[in-house]
Structure formats: C-alpha cells, structure tokens
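Working notes, beginning with the structure itself.
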Protein chains: 2
Amino acid sequence: MEENAEMCKVVVALDMIVGKWKPIIIQHMLFNETLRFNELRRLIPAITQRMLTLHLRDLEEQDIVQRVVFPQIPPKVEYSLTKYGRTLEPLLAAMHQWGLAHLEHMEMKKKRHS
Amino acid sequence: MEENAEMCKVVVALDMIVGKWKPIIIQHMLFNETLRFNELRRLIPAITQRMLTLHLRDLEEQDIVQRVVFPQIPPKVEYSLTKYGRTLEPLLAAMHQWGLAHLEHMEMKKKRHS
DNA sequence: CTGTATCCTCGTTGATACTG
DNA sequence: CAGTATCAACGAGGATACAG
C-alpha cells in the first residue's frame with residue numbers, strides 16, 4: 001500500500017483476502033466450523049503444504065483465522081474462523097453473487113459473437 | 001485459475017478487480033463520469049504511464065471500461081465505466097465499508113496492547 | 001500429522017526513453 | 001496528449017526434501 005492505495009478502503013479490504021488460496025480457505029471454513037491441516041489439504045488438492053502454511057499464518061496474524069494446537073502425538077491442529085473473520089461472510093457472499101452473474105455475462109457475450 | 005480456483009465464484013469476481021491499481025481506477029470512474037488519460041494520472045500520482053495503460057487495456061477487454069478516441073490533434077481519449085462495469089459499484093461499496101470497519105478493528109487491537 | 005528449509009520460476013510492476 | 005518499447009527488480013508461488 002502506498003499513497004493513494006493506502007487511503008482506499010477497498011484496497012484495505014482486498015489486502016485481507018488476496019492471495020491465491022485465501023478466499024478458498026476462508027470459504028471452506030465458512031462451511032466447516034473447524035478444519036485440521038490435512039483436511040484443508042484434501043479440500044484443496046492443488047495447494048502445496050508450503051502455501052497452505054503460509055496463508056494460514058497470514059490469516060492468523062490478520063485475526064481472521066484461529067489456530068488451536070492439541071499437544072499430543074501425533075500432532076493435531078484445528079483451524080477455524082475467528083468471530084472477526086466471520087464478518088467477511090457477507091462480503092464473500094456478494095463476491096460470489098457477482099462472480100456468478102459475471103459468468104453469465106461472459107456466456108451472453110460469447111453467444112453474440114457466434 | 002485452476003482446479004478449485006476456477007470453480008470458486010469469489011475468485012472469478014476477484015480476478016476482475018485485482019491488480020495494483022484497478023480498484024482505484026474503477027473508483028475514480030465511479031465518481032467521475034468520464035476521465036481522460038492524464039486526468040487519471042493526476043488523480044493517481046504514483047502510477048506510471050505504463051501501468052495505467054496496461055490496466056486500462058485490461059479493464060477494457062474485461063468490458064468494465066469504455067475507451068473513446070476523439071480523432072484530433074492533440075489527441076483526446078475519454079475513459080468511462082461501461083454499464084456492466086457499474087454493476088461493480090455495490091461490491092466496491094461493500095468492500096469500502098468492510099475496509100473502514102477493519103481499520104477501526106485494528107485501532108482497537110492496538111489500544112488493547114498498550 | 002503438521003509442519004520447515006531451500007531453491008527456482010515466472011508474472012507483475014517499475015524506470016526510463018522514445019513517438020505520432 | 002496519449003501512448004509504446006525495452007530492460008530490470010521484486011515477490012508470490014511452486015517443487016522438493018527434510019523434521020519433530
């Protein structure tokens with residue numbers, strides 16, 4: 001963020017959810033109260049361990065995601081949205097709706113050109 | 001977009017507005033019916049000519065922005081949102097609101113730690 | 001099971017100079 | 001005024017191996 005950018009609240013909001021896998025991670029957490037590390041991996045097959053870790057650490061630092069470690073062997077870690085993280089729900093829902101409409105818009109454009 | 005990503009409508013929507021300057025460009029166009037190239041540069045001092053051109057071309061191809069060239073010397077080009085581009089307004093408004101709330105949330109966190 | 005550590009690739013952005 | 005062209009820098013993301 002710099003100059004104009006940091007003044008723009010839209011950019012502030014975007015910074016919280018941008019990242020190749022962040023919106024996907026958040027959405028899975030909206031549908032699943034808590035998720036373990038490997039559960040997330042299974043839900044997002046294309047993500048690498050490294051990126052999942054990095055994004056989860058980011059989201060944790062941003063107070064969007066909560067990380068709970070159960071001290072046992074084998075290790076068990078549960079991730080879930082914080083109360084604050086859940087305030088993103090309406091925003092993601094709005095994006096989902098617009099994305100849906102956008103796909104239809106693209107379909108219409110394609111048909112007109114054929 | 002790939003695998004999970006392309007199925008996610010949120011990602012579809014995000015793809016249309018991510019880009020370092022895209023949200024800012026769009027917002028200026030929401031407040032100004034039409035803007036010329038150099039007017040945008042003045043509104044966004046930190047942007048380079050190159051990036052402004054690239055993002056405008058992107059937005060044009062995405063059917064978000066309309067480009068009108070007046071064949072005269074010196075050249076005059078007017079940019080404006082398309083009717084479709086304006087459908088982004090509620091979404092950006094929602095992001096603006098969330099961004100605002102987020103800044104307050106950060107303030108509260110800072111105070112608690114001091 | 002839940003991670004770290006390295007190394008590498010590639011795309012986005014920036015700097016700068018030039019043009020019709 | 002409204003761009004292009006070229007080159008360089010940087011960082012996000014990916015591949016792979018290793019670890020507690």
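Here is the naming used below: chain letters follow the sequence lines, and residue numbers restart at 1 for every chain. Every heavy atom of this structure was used, including side-chain atoms; hydrogens, water molecules and symmetry mates were not.
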**Message:** Regarding Glu60(B) and Lys22(B), does a basic nitrogen lie under 4.0 Å from an acidic carboxylate oxygen?
**Reply:** no
Rounded off to whole Å, could you give me the [atom1]-to-[atom2] distance for the [X] and [N] pair?
{"X": "Gln72(A)", "N": "dG20(D)", "atom1": "CD", "atom2": "C1'", "value": "15 Å"}
{"X": "Trp21(A)", "N": "dG13(D)", "atom1": "CH2", "atom2": "C1'", "value": "10 Å"}
{"X": "Asp58(B)", "N": "dT13(C)", "atom1": "CG", "atom2": "C1'", "value": "13 Å"}
{"X": "Lys22(A)", "N": "dA12(D)", "atom1": "NZ", "atom2": "C1'", "value": "11 Å"}
{"X": "Ile47(B)", "N": "dG3(D)", "atom1": "CD1", "atom2": "C1'", "value": "13 Å"}
{"X": "Leu52(B)", "N": "dG3(D)", "atom1": "CG", "atom2": "C1'", "value": "10 Å"}
{"X": "Met51(A)", "N": "dT9(C)", "atom1": "CE", "atom2": "C1'", "value": "14 Å"}
{"X": "Leu54(B)", "N": "dT13(C)", "atom1": "CG", "atom2": "P", "value": "9 Å"}

**Prompt:** Does Glu78(A) reach the side chain of Val69(A), with side-chain heavy atoms less than 4.5 Å apart?
**Reply:** no
Closer than 3.5 angstrom, by distance alone: can the side chain of [X] be matched with the main-chain N or O of [Y] as a donor-acceptor pair?
{"X": "Glu107(A)", "Y": "Glu104(A)", "result": "no"}
{"X": "Thr82(A)", "Y": "Asp63(A)", "result": "yes"}
{"X": "Thr34(B)", "Y": "Tyr79(B)", "result": "no"}

**Request:** Would you indicate, yes or no, if dG13(D) has its OP1 or OP2 atom less than 4.0 angstrom from a side-chain nitrogen or oxygen of His55(A)?
**Result:** yes
**Request:** Hey, could you give me the NE2/CG distance between His105(A) and Leu100(A), rounded to the nearest 0.5 Å?
**Result:** 14.0 Å
**Request:** Sugar-phosphate atoms are those with a prime plus P, OP1 and OP2; base atoms are the rest. Using that split, label each nucleotide of nucleotides 2-7 of chain C B, S or - for protein heavy atoms under 4.0 Å, 5' to 3'.
**Result:** BBB-B-
